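This chain uses plain numbering: 1 for the first residue, then up along the sequence. What you see is a predicted model, and the numbers here were worked out from it, not measured in a lab.
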Amino acid sequence: MRGPHNVWPLIRIVATLDRTGAMQLVLDSFDAPRSVRIVAKILGRPFQWLGLKGDESLPPATRALIAMGPAYVKFGQMLATRPDVVGKELAQQLRLLQDQIPPFSVSDSRAEIQRELGINVDDVFSEFSEPIAAASIAQVHKARLRDTGQLVAVKVLRPGIERAFRRDVDSFYFAATLIEIFAPFSRRLHPRDVIRHFEGIVQGELDLRLESAAASVYASNTEKDRGFQLPSIFWNLSSRRVMTLGWVDGVTVGDNTALDVAGHDRKELGERILQFFLKHALRDGYFHADMHQGNLKVASNGDIVAFDFGIMGHIDEYTRRVYAEIIYGFVCRDYKRVAEVHFAAGYVPPEKDVDEFAWALRAVGEPIFGMDATNISMGNVLAYLFEVTERFGMETRTELILLQRTMVVVEGVARSLHPNVNIWQASRPVVEDYIRSSIGPRAVFRDFSKTLQVISRFGPRVPSLVEAALLQQSQAEKKPSSSSLGAYIVIGLLGFFVGVLGVTAIFLL
């Protein structure tokens with residue numbers, strides 16, 4: 001539960017929500033039961049004067065979270081991508097949290113850089129600007145290297161941000177535990193797992209060395225993707241709290257007027273952004289999980305440039321294949337197959353009826369084929385799919401939260417560039433290519449090759465393993481015991497190993 005000392009932060013949270021007028025919206029969004037509303041009233045009304053006032057010009061939820069600090073803003077940003085959890089109205093208010101945090105002073109940034117890198121800022125940079133962007137965890141400065149004249153972006157963590165997040169995340173766990181106790185209906189959504197997922201994301205963002213490493217991996221995966229760029233990393237000017245990247249020139253994806261003036265085709269850009277996201281998620285299993293307009297630019301040659309790699313998503317190969325089969329089943333309108341894949345993967349409890357689940361999935365898929373594709377919202381489809389899976393006891397899968405939320409964000413980016421972007425038409429070639437490579441004969445041969453590679457590592461040990469197995473078997477025959485079973489297993493495995501080698505030889509010959 002993370003300790004009773006978190007009672008005070010919890011009171012402050014409830015008091016601030018009550019004082020800013022956000023309490024009723026939050027309770028209604030989560031459809032809170034009477035017991036939770038009573039607890040909120042007990043903790044809120046008498047202590048309202050202890051709550052933070054916030055900026056009265058902002059909507060209630062946005063006002064409350066900004067008043068409470070960066071950790072709450074970051075958590076609100078994450079919840080903004082989960083309308084299935086918080087409801088549409090609250091999610092809409094939480095989306096306003098992006099880039100609402102005031103910057104800290106340039107003198108603090110310069111002191112942090114000097115302390116972290118052991119350099120004098122003026123000796124390394126001939127120019128160092130005021131903050132050009134500020135977020136909940138860090139801010140960015142534009143600078144020029146003194147020795148080469150190259151422009152760079154210097155990212156610096158907020159002073160004391162690590163301690164503030166540790167304190168606030170601790171209170172989040174306490175609140176999540178109370179929610180599970182007083183609101184049993186919420187357990188399907190695993191509140192504590194959601195907080196644990198959030199904590200993992202934040203911990204990654206609080207160490208800029210990890211972000212630099214993520215950028216390096218991402219660059220390696222995407223180096224052959226034509227029309228896609230990443231800024232270079234200056235490792236000698238990066239550390240745990242400071243990160244230096246090459247400066248990105250271009251038009252921000254959110255500035256449609258500037259894109260038009262530059263002569264870019266906004267519809268084509270929207271389709272390309274969607275395709276790159278799907279390609280990276282399905283092909284590599286490693287994708288940029290914060291692809292909003294502020295983290296994307298369009299270079300003068302039309303290339304899409306991504307930056308800010310604090311939140312990256314990873315999906316293992318098995319999960320990617322499961323979702324490829326689910327997508328393929330929807331495309332083919334084979335809802336029975338989609339249902340069977342859910343059951344086989346353990347996403348739906350085995351005691352549920354697979355046919356009933358297939359009928360429910362049909363209600364999700366069929367409207368897609370009866371509508372103009374430009375009017376179909378991926379967010380709405382996901383929301384309805386969540387409703388269906390909830391009825392059949394499918395639990396929230398925290399490892400897929402980033403994928404689900406990024407799909408919705410990327411759709412929003414594509415549609416903001418051009419409202420008539422055909423999401424399905426743009427994504428179809430990427431999905432079909434992945435299905436061919438992951439489910440067809442090529443995938444079978446690749447899996448076989450990987451299996452052979454693993455088995456081949458034991459090649460040098462085959463003679464000693466055979467000798468030990470035969471010796472064990474000989475001793476077992478003289479003195480029968482249960483150890484003979486182990487010998488049979490070893491001999492069987494060796495037989496399998498030899499068989500695989502034989503089959504491989506036949507293929508090669």
Side-chain angles (χ1 to χ4, degrees), residues 78 81-85 176-177 179-180 183-201 278 280-287 289 312-365 368 378-379 381-408 431 434-440 443-444 446-448 450-451 454:
M78 189 188 81
T81 65
R82 298 298 308 277
D84 59 302
V85 174
T177 301
I179 288 172
E180 289 189 357
F185 71 92
S186 70
R187 293 171 189 166
R188 185 192 71 86
L189 299 173
H190 298 288
R192 280 179 293 183
D193 286 345
V194 172
I195 301 301
R196 192 174 296 112
H197 173 75
F198 169 71
E199 181 182 21
I201 291 175
L278 289 172
H280 301 159
L282 294 176
R283 180 194 66 192
D284 307 324
Y286 194 71
F287 59 94
M312 303 296 292
H314 177 264
I315 317 171
D316 64 79
E317 189 168 356
Y318 173 74
T319 303
R320 279 182 274 157
R321 291 192 184 185
V322 167
Y323 269 74
E325 288 203 64
I326 290 173
I327 293 172
Y328 188 68
F330 272 114
V331 170
C332 297
R333 303 168 86 163
D334 186 351
Y335 304 110
K336 180 67 175 291
R337 179 56 184 156
V338 175
E340 290 172 345
V341 170
H342 275 83
F343 276 79
Y347 292 173
V348 177
E351 65 271 12
K352 300 295 181 180
D353 188 283
V354 67
D355 289 318
E356 289 186 11
F357 187 51
W359 296 333
L361 291 173
R362 182 178 293 274
V364 177
I368 296 175
M378 191 178 295
V381 171
L382 281 175
Y384 190 23
L385 181 59
F386 290 147
E387 290 179 19
V388 169
T389 55
E390 177 183 2
R391 292 203 303 270
F392 284 83
M394 178 173 168
E395 297 184 343
T396 299
R397 303 189 61 82
T398 54
E399 76 274 16
L400 295 173
I401 288 176
L402 278 179
L403 176 65
Q404 293 165 347
R405 76 160 222 174
T406 310
M407 286 175 67
V408 176
V431 174
Y434 177 75
I435 288 171
R436 282 194 297 268
S437 64
S438 65
I439 301 177
V444 174
R446 187 169 60 250
D447 290 345
F448 180 77
K450 289 181 180 178
T451 303
V454 172

I need the [X] [atom1] to [Y] [atom2] distance, nearest 0.5 Å.
X	Y	atom1	atom2	value
His314	Thr319	NE2	OG1	9.5 Å
Arg362	Asp334	CZ	CG	9.0 Å
Leu278	Met407	CG	CE	7.0 Å

*Closest approach of Arg321 and Tyr434, non-hydrogen atoms and distance?*
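The answer is N-OH, 3.5 Å.
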*Where do Gly313 and Ala289 come nearest, in terms of heavy atoms and distance?*
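Scanning both residues, the minimum pair turns out to be N-CB, 3.8 Å.
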_Does Phe287 form a side-chain contact (heavy atoms from CB on, under 4.5 Å) with Ile315? I'd like the steps, not just the answer._
CA-CA 9 Å; Phe287 59 94; Ile315 317 171; 3.8 Å; yes
*What residues, two or more places apart in sequence or in another chain, satisfy salt bridge (charged side-chain N to carboxylate O under 4.0 Å, His left out) together with Asp353?*
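With neighbours one apart ignored, the set is empty.
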*Only counting residues at least two apart or in another chain, list the ones meeting salt bridge (charged side-chain N to carboxylate O under 4.0 Å, His left out) with Arg320.*
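Here no residue qualifies.
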*Do Val354 and His342 come close enough that some side-chain heavy atom pair is under 4.5 Å?*
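Val354 does not reach His342 side chain to side chain.
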*asked:* Do Phe357 and Glu340 have side chains that approach each other closer than 4.5 Å (heavy atoms only, starting at C-beta)?
replied: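 Result no, sub-4.5 Å side-chain heavy-atom pair not found.
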*Taking only residues two or more places apart in sequence or in another chain, which ones pass side-chain hydrogen bond (donor to acceptor under 3.5 Å, both in side chains) with Lys352?*
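Not a single residue meets the side-chain hydrogen bond (donor to acceptor under 3.5 Å, both in side chains) criterion with Lys352.
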*Who passes side-chain hydrogen bond (donor to acceptor under 3.5 Å, both in side chains) against Arg196, sequence neighbours left out?*
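side-chain hydrogen bond (donor to acceptor under 3.5 Å, both in side chains) list for Arg196, sorted by chain: Asp193.
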